[in-house]
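All remarks here apply to the structure that follows.
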Amino acid sequence: MAYKGRSEQGLFGTVHHYDEHGKKIGRSEPGLFGGYTNYDAKGNKIGYSDPGLFGGYNHYDNKGNKIGYSDPSLFGSYHHRDSNGKITGSSDPGMFGSYHHSDSQGCYVATCVYGSYDCPQVWTLRRFRDNTLAETMLGRAFIRTYYAISPTIVKWFGKTEWFKKMWHGVLDNMVQRLNDNGVEDTPYNDRDWRK
């Protein structure tokens, strides 16, 4: 999970966006009926974000084409998805109304432990999520709960050695059992498990 910048609250509800190096890349101005109009660093309108039905936001480009959405999570976090529903990142609240952004695409603890979303161990776990857990109502509830809680856990403890060591053994054993039961560890493209 790589740090991808931050957003900070400004005057009159404006939100200023910065990349991972602290360079301003744009701003979002509040709309009349909720939502935001989005601008790049030069002040050009690049799209807008409207409130979703159950919280969160739907995102549109300057021509009105839906380009993604953000789902609210626990503790004020958001998961960002593209127009196909694939997770593209997350935003976690900071101090004084700011948000810190990352490019995480899910499997938060595993990605933290193994250092990549695209490695054999995480490919195995993603297959298990999509092809086994997602097949039952209880499994889908577990996935949703995991994605609601794990970003915050990784944010708090993900840089500590004890956290990585603790989960490394647990995940290694789980991946080995899954591989022994025929779950592949070859490159994998996620499928939308919510369908």
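We use all heavy atoms of the structure for the numbers below, so side chains are in, but hydrogens, waters and symmetry mates are not. Along the sequence shown, the residues carry numbers beginning at 1.
Contact check for Phe163 versus Trp156: no side-chain heavy atoms found under the 4.5 Å cut-off. With a 4.5 Å cut-off on side-chain heavy atoms, Leu178 and Glu184 do not count as touching. Between Arg129 and Ile143 the shortest side-chain heavy-atom distance falls below 4.5 Å.
Under the 4.5 Å side-chain heavy-atom criterion for ILVMFWY residues, no single connected hydrophobic cluster contains both Tyr78 and Ile67. Both Val170 and Val183 belong to a common hydrophobic cluster when Ile, Leu, Val, Met, Phe, Trp and Tyr are linked at side-chain heavy-atom distances under 4.5 angstrom. Residues Val15 and Ile25 do not share a hydrophobic cluster, clusters being chains of Ile/Leu/Val/Met/Phe/Trp/Tyr side chains in contact below 4.5 Å. Val122 is not connected to Tyr188 by any chain of hydrophobic side-chain contacts under 4.5 Å among Ile, Leu, Val, Met, Phe, Trp and Tyr, and they are in different clusters.
For the 3.5 Å distance criterion, the side chains of Ser7 and His16 fail to qualify, holding no donor opposite an acceptor. For the residue pair His17 / Lys24, no side-chain donor-acceptor distance below 3.5 Å is found, with atom types taken as modelled. A donor-acceptor contact under 3.5 angstrom links the side chains of Thr14 and Glu29, judged on distance only. There is no side-chain donor-acceptor pair under 3.5 Å between Lys45 and Asn38.
The distance from the OG atom of Ser28 to the OH atom of Tyr36 is 7.5 Å, given to the nearest 0.5 Å. In this structure, CD on Gln121 lies 8.5 Å from CG on Asn179, to the nearest 0.5 angstrom.
When the shell of 6.0 Å around CG of Asn189 is examined, it contains 12 or fewer heavy atoms from other residues, nucleotides or ligands. Within 6.0 Å of CH2 on Trp123 lie more than 12 heavy atoms contributed by other residues, nucleotides or ligands.
Under a 4.5 Å side-chain heavy-atom cut-off, the cluster of Ile, Leu, Val, Met, Phe, Trp and Tyr residues that includes Tyr48 is completed by Tyr60.
Contact record, Asn131 with Glu135: O-CG, 3.3 Å, taken as the closest heavy-atom pair. When all heavy atoms of Cys112 and Gly158 are compared, the closest pair comes out as SG-O, 3.3 Å. Residue Gly55 comes nearest to Pro72 through the heavy atom pair C-CD, 3.8 Å, listed as atom of the first residue, atom of the second, then distance. Between Asn58 and Gly52, the shortest heavy-atom distance links the atoms ND2-CA, 3.9 Å.
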Criterion side-chain contact (heavy atoms from CB on, under 4.5 Å) on Leu171 and Tyr114, from CA distance to verdict: CA-CA 9 Å; Leu171 290 174; Tyr114 294 115; 3.4 Å; yes
Starting from the C-alpha separation in whole Å, work towards a yes-or-no answer on side-chain contact (heavy atoms from CB on, under 4.5 Å) for His168 and Asp172. CA-CA 6 Å; His168 211 290; Asp172 281 348; 2.9 Å; yes
side-chain contact (heavy atoms from CB on, under 4.5 Å) between Val109 and Tyr146, intermediate numbers included: CA-CA 10 Å; Val109 173; Tyr146 174 78; 3.5 Å; yes
Between His80 and Thr88, does the side chain to side chain donor-acceptor pair (under 3.5 Å) criterion hold? Intermediate values first, please. CA-CA 6 Å; His80 309 298; Thr88 59; over 6 Å; no
Audit row: Thr186, Arg127, side chain to side chain donor-acceptor pair (under 3.5 Å) steps and yes/no: CA-CA 10 Å; Thr186 54; Arg127 278 189 173 89; 3.0 Å; yes
Could you give me the CA-CA distance, side-chain angles and deciding distance for Asp185 and Val175, then say whether side-chain contact (heavy atoms from CB on, under 4.5 Å) is met? CA-CA 9 Å; Asp185 64 358; Val175 167; 6.0 Å; no
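Judged by a 6.0 Å distance limit and a 45° cone about the ring axis, Arg6 is positioned over the six-membered ring of Tyr18.
Ring centroid separation for the pair Phe157 and Trp162 comes in under the 6.0 Å cut-off.
With hydrogens and angles ignored, the 3.5 Å screen pairs a side-chain donor or acceptor of Asn181 with a backbone N or O of Arg177.
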